There are 2 protein chains.
Amino acid sequence: MSRARQTVTLTADLVILTIRDGMLSVLLVERENEPFRGRLALPGGFLRGDESLEQAAARELVEETRLDAGALRLQQVGIYSAPGRDPRRPRVVTCAYLAIAPDLPVPVAGSDARAARWVPVIEAADPGLAFDHDCILADAVDLARTLLQFSTIATAFCGPEFTIGDLREVYEIVWGVGLDKPNFHRKVTDTDGFIVPTGGKRSSFTGRPAALYRAGGATELVPPMMRSRFGA
Amino acid sequence: MSRARQTVTLTADLVILTIRDGMLSVLLVERENEPFRGRLALPGGFLRGDESLEQAAARELVEETRLDAGALRLQQVGIYSAPGRDPRRPRVVTCAYLAIAPDLPVPVAGSDARAARWVPVIEAADPGLAFDHDCILADAVDLARTLLQFSTIATAFCGPEFTIGDLREVYEIVWGVGLDKPNFHRKVTDTDGFIVPTGGKRSSFTGRPAALYRAGGATELVPPMMRSRFGA
DNA sequence: GCAAAAGTGTTATTGGTACACCCATGG
DNA sequence: CCATGGGTGTACCAATAACACTTTTGC
């Protein structure tokens, strides 16, 4: 029987990352049904008949965060197909997608009544997530760290307008390192299309006001952003 | 009806790349059944009940090439789930895996009777492959080019022993550029764990004999291999 | 003035590019 | 000796790392 071709159930799971209170955080939902009732899990849903997996992931993203998936860049993390990973049915295979969101005002209750909330990534593995979502989350965070290095996606963590200091904080928090402020400033301003000045300034509580920028048109970051030691 | 959860058929397709006669080539099989009867397609097969997709891909690889998947590094290219991509059934979703193989002695007829043969990648798109395999192949070749830049996987194109010139040819053929010989030599010898000398030498028809090397233990290539202009 | 954050200048070092040049072998 | 590919030396250049220093705000 194991040699026979068979059908499987396909789901798309989302790893929506943001930065809240200086911590890399992920949107998790509390499961209301068995198995793993009461445990936290990544938001996700079943593939429908008229859509691709990426479209399913985009639909989930809108339901959970009200963010337009077209504006965000949805990145495929990988496919998880180990037999028995879902106790409910013999074969439930999932494809995980990474989305990076700005700090949203609200725990964004989805259109469905599930209780969604932001959880710092370091706390997410505490009792452990449902299914193999710990593994998926770890892979997605790894991917996010790599994307920061080679793409301009770090701006997706910020709002429409941000300072270079905001952007540097994104790198420092996601990578868990300190970056040299002067060198970072030059790097992002010298890279064509990374950020463009809006002309505005923002005064923080203390210190000199910082110039405001918005995301530029470039998506690739060449040369890549290097991870230095500690200069914060 | 389109909102209902449904089951799909899952397959694992393989993009097995090698270098033959100085050309990047891919292993293709001729389809014996409709649809796309007589057209070339990527080797692949249905997921069985007791295995993951990666295991299914590894099994296919052994069947097609007799290569141990454990020795090779199987890389996930992506998932292809557009509705209607397979005319046979409403939903057939495939996950594509990239394998890089040394130049094998034989067109390696698989254990099944399918006629498998190596086809240069530039010729593969000539009448077009079956299904969306043109797209999968293009994505896999892109991935291979990127992997050559950031990993040591280029050695997988070579046999157990190879010269630095052999390795340089791999880069030149896959990237379609010429590389500076002296700089390439230093780059690979200076990178710890990329290649290790075996002590042997190989005399070609002409010129000074080249030292032989085997693949080292490193998998990542830092700093990455750069694509220069043309110095061949 | 002082603290704090933004932003500029300058130097040392690392690593890639280009290319001249020598080495070892077959014919 | 000559052609050919293997391999070394070296000058130059681009980009990063480290850090001193100036600027502009709030208090």
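So that the names make sense, note that chain A is the first sequence line, chain B the second, and so on, each numbered from 1. This one's a predicted model, so the numbers in the text were calculated from it and none came from an experiment.
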Does [N] have OP1 or OP2 sitting under 4.0 Å from an N or O in the side chain of [X]?
X	N	result
B:His185	D:dG6	no
B:Lys187	C:dG16	yes
A:Arg168	C:dA6	yes
A:Lys181	C:dA5	no

Measure the distance from [atom1] on [X] to [atom2] on [N] and round it to the nearest whole Å.
X	N	atom1	atom2	answer
B:Leu179	D:dG6	CG	C1'	16 Å
B:Met226	C:dA18	CE	P	14 Å
A:Lys201	C:dA5	NZ	C1'	13 Å
B:Arg208	C:dT25	CZ	P	8 Å
B:Asp190	D:dT8	CG	C1'	12 Å
B:Phe184	D:dG5	CZ	C1'	15 Å

**Complete:** Looking only at C:dC19, D:dT24, D:dC19, the nucleotide nearest the B:Asp180 side chain is C:dC19

**Item:** Listed nucleotide nearest any side-chain atom of A:Ile164, set D:dA18, C:dG7, D:dG7
**Value:** C:dG7

**Message:** If you go through the side-chain atoms of B:Arg186, does one of them form a donor-acceptor pair with the base of D:dT10 closer than 3.5 Å?
**Reply:** yes

**Asked** Between the base of D:dG6 and the side chain of B:Arg202, is there a donor-acceptor distance below 3.5 Å?
**Response** no

Short side-chain to backbone donor-acceptor contact, [X] and [Y], under 3.5 Å:
X	Y	result
B:His133	B:Leu42	yes
A:Glu169	A:Gly22	no
A:Thr189	A:Arg186	yes

**Message:** Please compare B:Pro223 and B:Thr206 by the position of their nearest nucleotide in DNA chain C and report the one closer to 5'.
**Reply:** B:Pro223

**Fill in**
Residue pair B:Asn183/B:Phe205 against DNA chain C: nearer the 5' end by closest nucleotide is B:Asn183

**Asked** Side chains of A:Asp139 and A:Tyr80: do they bring a donor and an acceptor to under 3.5 Å?
**Response** yes

**Message:** Does A:Pro182 reach a base, just sugar-phosphate, or nothing at all? Heavy atoms under 4.0 Å.
**Reply:** base

**Request:** Have a look at B:Cys158 and tell me which of B:Thr163, B:Leu167, B:Ile195 forms a side-chain contact (heavy atoms from CB on, under 4.5 Å) with it.
**Result:** B:Leu167

